[in-house]
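Each remark here refers to the structure printed beneath this line.
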Protein chains: 2
Amino acid sequence: MLIERPKSITTQVSDLLAERIRSQEYAPGSRLPSESDLALQLGVSRATVRSALARLATQGLVLRKQGNGTYVNAHLESFPSSAGGLWNFLRLIEFSGREPSIRVLSRAVRPALESEIESLALQESDPVFFLQRVFFADDIPAVLAGNAIPVSSLRQPPEECDGQLPIDEFIVRYCNAKIAYDIFDICAILPDAETQDVLQLQADQPILQLRQVFYDGQNEPLLCGSSAYNEKLLGLRLVQSWS
Amino acid sequence: MLIERPKSITTQVSDLLAERIRSQEYAPGSRLPSESDLALQLGVSRATVRSALARLATQGLVLRKQGNGTYVNAHLESFPSSAGGLWNFLRLIEFSGREPSIRVLSRAVRPALESEIESLALQESDPVFFLQRVFFADDIPAVLAGNAIPVSSLRQPPEECDGQLPIDEFIVRYCNAKIAYDIFDICAILPDAETQDVLQLQADQPILQLRQVFYDGQNEPLLCGSSAYNEKLLGLRLVQSWS
DNA sequence: CAGTGGTCTAGACCACCCA
DNA sequence: GGGTGGTCTAGACCACTGC
């Protein structure tokens, strides 16, 4: 087996193993080859194999038993979020087996709201670019997401920005920055009139609200957002490993 | 600096560094000593320091910048859950700076509900031990949690079990098992009458519901639970690193 | 007892940042 | 160019599992 060098050997190994699991080459519940076997087989060191397996273990894809072996998790019905990226609604919809699409509802420059001033550490009424979108799963509206970006950090006029991009690519492309980490707050709300309308909900059907702030490597806030998340449709599931 | 051997050097190092951060010995926003410096200072290898730092980075405690250094995250207002353990309400309450306590509402053996039969892979109407508790933060009720454990996996009569234990210790003590991982589903609900009463809520105030299933190393379900979580009081916050 | 994963070390080279 | 984190290697020893 040959491993190309360009992108992180560890990543290549974990991707390869994940692929073998998804394709059932390693069947659910079965034992993987030992770390040393894999290392030999792939021509990498055992440490590298271990990093790759550790990644899969934190995603819940694989279970490790000391003195025994590494097993494919048989409870894999689904595993979005957690390691996968709670922020990437396109990917979440894809994982759930549906066809994702985006509709841009509005894109406008307006003064920052109070909550945005605080989240983004702005001055009073600095302008932000507000991008509001609906994420569809098989043409059913699943998420109503609004994101606010300080106009000062955009490298292009907002009109020229592609509203279809996932938020991380948007940041890379138009803000020339990379997201280092993000903080999510989850709460339960009753949908307002607009949300009810867009997501086709009853007024008394509570939904999840995800409030996010993304930071760059300098620890400066890049973007904040608030999403109404129809978990009846998508499911919000976390896997936690107890290493 | 002397590092005792008994428990994982990596853990000791990350605990030590976390402590230095919390005590502001490493101030918010400041740069930590380099990996090599720390390795020398603590008398361990650089690889060990790196594992420890990696752990802190995934918790959002620390930011790493290639070619530059490792910095204390200045946005540390709070960071429960994610790495910390969403399941451990006592710890979450403690982290939020309040005094946690538990009241046992009911402890009973009853036939498994349909959802429990499915989650726990039981036979029809196998008996389960149902433990219902309220978690208080400074005497304000924050979480109403119900857990169901198959009676067949208890080593002691249910009456003799300590209802004050965190669920993982409960499992270790009374089921002689260790939790390998758990799966969380989060959704938004309107509280039923009992929940309204216990958590002192209005009928139209939506709350979070956490449904959990815990599995052991054999990938067998150990326990399932459903909790009503007052996020207005506790906050449900996740930190995601974008390595 | 042999085989597995868990931990740790020492040393190497690279990519990136900044003065 | 010098220092930093990012990656990888090779080899060692330990703890646990199951036969």
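Proteins get letters first, then strands, A, B, ... in listed order; numbering begins at 1 in each. The structure presented is a predicted model; accordingly, all values stated were derived computationally and were not measured. Atom set for the values below is all heavy atoms of this structure, side chains included, hydrogens, waters and symmetry mates excluded.
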Rounded to the nearest angstrom, tell me the gap between atom [atom1] in [X] and atom [atom2] in [N].
X        : N      : atom1 : atom2 : answer
B:Leu38  : D:dT4  : CG    : P     : 11 Å
B:Arg55  : C:dG6  : CZ    : P     : 13 Å
B:Leu32  : D:dT4  : CG    : P     : 12 Å
B:Ile9   : D:dA15 : CD1   : P     : 13 Å
B:Lys178 : D:dA15 : NZ    : C1'   : 12 Å
A:Tyr71  : D:dC16 : OH    : P     : 18 Å
A:Leu53  : C:dT7  : CG    : C1'   : 15 Å
A:Arg31  : C:dG5  : CZ    : C1'   : 11 Å

With the criterion being N/O to N/O and under 3.5 Å, what pairs connect the protein with nucleotides 10-14 of chain D, and how long is each?
unit_1 : atom_1 : unit_2  : atom_2 : d
D:dA12 : N6     : A:Arg46 : NH1    : 3.3

Legend entry - B:Asn68 side chain to B:Lys65 backbone, donor-acceptor under 3.5 Å: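 Side chain of B:Asn68 to backbone of B:Lys65: no pair is present.
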Legend entry - Any residue meeting side chain to side chain donor-acceptor pair (under 3.5 Å) with B:Asn219, in chain and number order, not counting sequence neighbours: A:Asn73, B:Tyr181
Inset, instruction - With sequence neighbours excluded, tell me which residues meet side chain to side chain donor-acceptor pair (under 3.5 Å) with B:Ser226. - result: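 B:Ser226 satisfies side chain to side chain donor-acceptor pair (under 3.5 Å) with B:Gln209 only.
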Counting only side-chain nitrogens and oxygens, does [X] get under 4.0 Å of the OP1 or OP2 atom of [N]?
X       : N     : answer
A:Arg50 : C:dG5 : no
B:Arg64 : D:dT4 : no
B:Thr70 : D:dG5 : yes
B:Thr10 : C:dC8 : yes
A:Thr11 : D:dT7 : no

Inset, instruction - Return the 5'-most residue of the pair A:Asn68, A:Thr48 with respect to DNA chain D, ranking by each residue's nearest nucleotide. - result: A:Thr48
Inset, instruction - Please figure out whether A:Lys65 or B:Ser36 has its closest DNA chain D nucleotide nearer the 5' end. - result: B:Ser36
Inset, instruction - Keeping to residues at least two apart or across chains, list the side chain to side chain donor-acceptor pair (under 3.5 Å) pairs with something in residues 25-36 of chain A. - result: A:Arg20-A:Tyr26, A:Glu35-A:Arg46, A:Glu35-A:Arg50, A:Glu35-A:Arg64
Inset, instruction - Please identify each residue that fulfils ring pair (Phe, Tyr, Trp, His ring centres under 6.0 Å) with A:Phe135, with sequence neighbours left out. - result: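 For A:Phe135, the residues satisfying ring pair (Phe, Tyr, Trp, His ring centres under 6.0 Å) (neighbours in sequence not counted) are A:Phe89.
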Legend entry - For B:Asn176, side-chain contact (heavy atoms from CB on, under 4.5 Å) partners two or more places apart: B:Arg155
Legend entry - Test item: side-chain donor near acceptor, B:Ser51 and B:Thr48, under 3.5 Å: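 On atom types as modelled, these side chains do not qualify, holding no pair under 3.5 Å.
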